[in-house]
Every structure is written in C-alpha cells, then in structure tokens.
Number of protein chains: 2
Amino acid sequence: MATFDVKNIGHLRPAISRGETMPSPCAACSIRHLSLCAALQENEVQEMAAIVTTLEVGAGEPLIDEGQPAVHVFNVTSGAIRVYKLLIDGRRQMTGFLFPGDFLGLANEETYAYSAEAVTASTVCRFPRRKIEALLIKYPRMERRLLGMASHELAAAQEQMLLLGRKNAREKIASFLLMLSRRAEQRGLPADPIFVPMSRNDIGDYLGLTTETVSRTFSDLKSKGAIELLPAGKVRLAQREHLEEVAEGA
Amino acid sequence: MATFDVKNIGHLRPAISRGETMPSPCAACSIRHLSLCAALQENEVQEMAAIVTTLEVGAGEPLIDEGQPAVHVFNVTSGAIRVYKLLIDGRRQMTGFLFPGDFLGLANEETYAYSAEAVTASTVCRFPRRKIEALLIKYPRMERRLLGMASHELAAAQEQMLLLGRKNAREKIASFLLMLSRRAEQRGLPADPIFVPMSRNDIGDYLGLTTETVSRTFSDLKSKGAIELLPAGKVRLAQREHLEEVAEGA
DNA sequence: CGCTACGTTGAGAACAATCAACCCCGGTGG
DNA sequence: CCACCGGGGTTGATTGTTCTCAACGTAGCG
C-alpha cells in the first residue's frame, strides 16, 4: 500500500510534461486524425501542445471520479478506459468504453457526472478545461469538431438505450462484439480476431447483465460456432453475418 | 381515411409560414429562453425567423422517420414529442420525450438515426438544416449553445442508460415521474400534480418495460400511498421524498 | 506454493414477460 | 338513440429469461 500518495492523484504519472522544453507530443500523435485535434492546423496544434500533459494510467486506476470538480478534459491515446455511473447501493452501469482518439470529460456542470478508470494500462492527454474552453472560443473549427463528436456520441448513446431496453442477452453480446470489431477497424486494427480487454463483469455492467449471464452467453455462442474464444482475451467472429442478424434482432 | 394526403407529409400543417410577410413568430416566442434561440440577439432572431416554418402536428402523427434524409431540424414550441428507435421485428425503444424548448434533428449523418412522432397535438419550429448550419458558422455563440445542449443531452442519456441497465421496475417508474416533474418545473409549470400525456405503452417503451408492468407498478405505488392517479392523466406525487429515495436505489 | 481474481457451470429463485380476460370510454354507424 | 367497436388501462395466471447463490477450475502473482 502506497504511503504518501495523495488519494486518487498519486497514481497518475506524467509521462511527458508540459510542451515547452520537451518536443511536442502532439506533433507525432498517431491518433490525431481520430481525435479532437483532427480539426487543428499546425500552429493550432502548437497551442494544444503548450497546455497538454501526457499521463500514464495503470490498469484499474481511476481517472475521473463522479462528483469531483471538472477541471480537466482528456483524450485517450493508448489503452482502454471504462466510463460508468453508480447507484448508491453499488450497482454500476458502464456508459462506455473509450479507445485511442476518444474524448472524455465534456461537462456542462462544474462537476463530473460519471467516473472513469483504466481497463488496461493507458495513456491520455490531459488539458485544463478552462484553457480548452478558451481555445474553443478562439478556434470555432475546433468547437465544430467537438459538436460533431458530441452528436456522434449521442447517436451511440441512443443505440445503447435500444440495446439496454429491448435486446435480450444474446443480442446484447452479439452487438457488443460487433461494436468492438468496428471500432478496432476504425483504428486500423484487424476487424476479426478482436481483442476484448475487459472482464466479464465489466461487459455485464456495460450490457445490463450479470457476469454469469455474460459467461453463459459467450459459451452458448461458442457452442453454436458463432464465435471462437482464443487465448489472451482474443475472440474470433466465426460467423459475422449471423452475429449481425442476431444483433439487429432478426 | 384521408384520400389525397402525401404519405407522412400531408398531415404537417404550416400554422404560420415564412417570416417575411407575417409578424415574426420568434419575436413573441415564449420558450426562447429554453431553446437554442436563447443564445441569440435581436438581429440574429430576425435571421432565424427568416428561415423558420411553424408547423402543427396532430396527436400520433410522425415528424421524423429514421433513415430519411436529415433535411430539417426542429424546435418544439408546444405539446410533447416522442423520439424512438425500432428493431426490425418491431420492438421499440423510446430515447426521449421532448417538450417545449427541446431541440430535435441534430444529425451527423445524412439521414436521421431515429423517428419522432407527436404524443399530443404539438407545434414545432422547423429549420432547413443547411441554413442552420450556415448560421452556426456565422454565429459561434449559437454553436456554443448547441454544444451545451448536446452535452446536457449526453448526460441525460447516460442517466437513462443507468436506469435501463440497472434499475428495477419500481425504481424506473419513480425516476420517470420525478423527471417529468423536474422538467415541468423548468418550464414554469406546477411540479406536483404533473401531467402525464403519454400512454402506458409509451412509458413502457421508454423504460424498457411492458404496458402491463407499467400499469402494475403505478397501481402498486398508488396502493402504497406514494402517488395518486388523478383524472385526465394527472399524477400527484404524494410522497416525493420517498419517490426520490426509490429512484436513487436507496 | 498458496492466495486472489476471474471465468465457468449448475440449481433454484425471482422479477418481469406473456397470455388472457375484463372494464371503461369515446366514436361511429345502424 | 343505442348498439357496436376499438383503444387504452387494469388485473390475474402462468411462463420464462435472467439473477442469485454456490461450487469449482484456472491463471497470475507475491
């Protein structure tokens, strides 16, 4: 047990600190085309680089705590982040899994409305919210990009509501696997043997199911030949067409 | 059965047409402070008025069909609108109920990702999407307001995911009634005897329940004295504190 | 080498869905 | 005028999917 860590802060290790003396991490950012920074021109990237801090977050470590002052926004650059809300008795609903390029921390209120933790060891770019807001005013193109990302997220949230409210366990799992596949593809990773870094419990909390039901449903899909469970958390979508049909409720 | 109506179009009756010859409907708009137009100054309101069409939509009539080209955006000015997505076998998930001031039609893609219908007779302001986009570029303040509305909606969507994935029937109904109460209050209506214009079936499709479960849960809350069912779709929240606790999962 | 976290599988329970009957009300047409 | 019809709501009986509780296997790690 660490002895001198400030709670929820000490684990966040700056990997590369403020931009001025170091080479800009943004210039070489490999996922910029996916991120908020896609909207930026060269000189604007400089301004972002000047206010960014690159952080490493270990597996399971918190990044955001619901209810805390919303002083930072983040951009995921590697790894996977889980975002969730809790009921007071501890029931948890994952509202999303974030991958490189995804944005995190948008808040209307003065406090975060959700919590976020690393699923696997991850790196994120952290920006002071106030400074980002100033940049948004200065560069409307960036604000437009952010609006685009927000409305994209909104569409995804509505799709997830359809899943949570109206799909059964098998349809939920099929939808989930296909979602991971599509997002991997967007990032230039293989669309078929997909990497599933999160636990059965995490998946359950994302889909409104229990660990056991997730496990049973995986087993069921496997026994029917629709998927194959490979070592190291990889899953092969052996019958993608079939999975698509199941996911749509056909 | 109407004989000459163009399908899904004929029922949309322009109440007041384009702004130029008519007195601007926007100038007297009573819910402007709640709407996108809250961000506008007098001369900017003129520009909105120039591109707006005010429509009346009868109870049950469609406003948006999922998959159709997203050529308009809307602002609700009276009544109530239901927004939903369907699975191919007909299962329906309501993604929201919209009331005066709420915005509708934001789309990243070229087509709508959801459908929308009037719950009760309603009026909406309709704007050509292209022209609104031009105004957003011209007036960044308006774009900022829209981003604020989008991130507010995103927070609401996450709250709804928590409800759909992790709350039981009683908690869902309690949350729903309190949501209606808060939104009525925001609009200057009484927060307590609330008006519930939508059917049990609509409520079920919003909460991920069946009609029967919604009805039973209402009856149950009534028998426990938590609510009172008044005539004309009004509901009294007799024990608001208790409902709050139930809704939070306490 | 044991501990813990995670995953799987089984048995039984529970909550909500399904199927069904009935009521009430408003609209329509005989 | 009134009988009929259809939609919405309520309630009951039964079913079924998922949850809960439990046991056990396995892999990683101190």
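A note on names: the letters A, B, ... follow the listed sequences, proteins ahead of strands, and every chain is numbered from 1. This is a predicted model, so every value here is computed, not measured.
Contact annotation: A:S199 side-chain N/O to C:dC6 OP1/OP2 distance is not under 4.0 Å. Taking 4.0 angstrom as the limit, A:T213 places a side-chain polar atom (N or O) nearer than this to OP1 or OP2 of D:dC19. Put simply, B:S215 has a side-chain N or O that comes within less than 4.0 Å of OP1 or OP2 on D:dT10. At C:dT9, one or more side-chain N or O atoms of A:S219 fall inside 4.0 Å of OP1 or OP2 (strictly under the cut-off).
Of the candidates D:dT20, C:dA16, C:dT18, the closest approach to any side-chain atom of B:T210 belongs to C:dT18.
Rounded to an integer number of Å, the gap from B:E212 CD to D:dG9 P is 11 Å. Spacing between atom CE of A:M198 and atom C1' of C:dG7 amounts to 16 Å, rounded to whole angstrom units. Between B:L207 atom CG and C:dA16 atom P the separation is 12 Å, expressed in whole Å. Rounded to a whole Å, the CG atom of B:D202 is 9 Å from the P atom of D:dG8. At whole-Å resolution of the value, CG in A:N168 and P in C:dA17 are 13 Å apart. Atom-to-atom, CZ of B:R170 to C1' of C:dC15 comes out at 12 Å; the value is rounded to the nearest Å. Distance CZ (A:F218) to P (D:dT18): 15 Å, rounded to an integer number of Å. Here D:dG9 presents its C1' atom at 11 Å from NZ of B:K222, a figure rounded to the nearest Å.
Scanning atom types as modelled, no donor and acceptor separated by under 3.5 angstrom connect the side chain of B:R166 and the base of D:dT18. At a cut-off of 3.5 angstrom, the base of C:dG10 holds at least one donor-acceptor pair with the side chain of A:R216. Counting distance only, with no hydrogens placed and no angle test, the side-chain atoms of B:R200 and the base atoms of D:dT11 include no donor-acceptor pair under 3.5 Å.
No side-chain donor-acceptor contact under 3.5 Å links A:T211 to the backbone of A:R200. Side chain of B:R236 to main chain of B:I227: no donor-acceptor pair is present (N/O by atom type, distance under 3.5 Å, no hydrogens or angles).
The heavy-atom pair separating B:Y84 from B:M94 by the smallest distance is CB-SD, 3.7 Å.
Counting non-hydrogen atoms under 4.0 angstrom, A:G208 reaches the backbone sugars and phosphates but no base.
Figure legend: B:R126 and B:F74 shown without cation-pi pairing, the cationic atom not lying both under 6.0 angstrom from the six-membered ring centre and within 45 degrees of its axis. Annotation: cation-pi geometry not satisfied between A:R187 and A:F99 (NZ/CZ under 6.0 angstrom from ring centroid, within 45° of ring axis).
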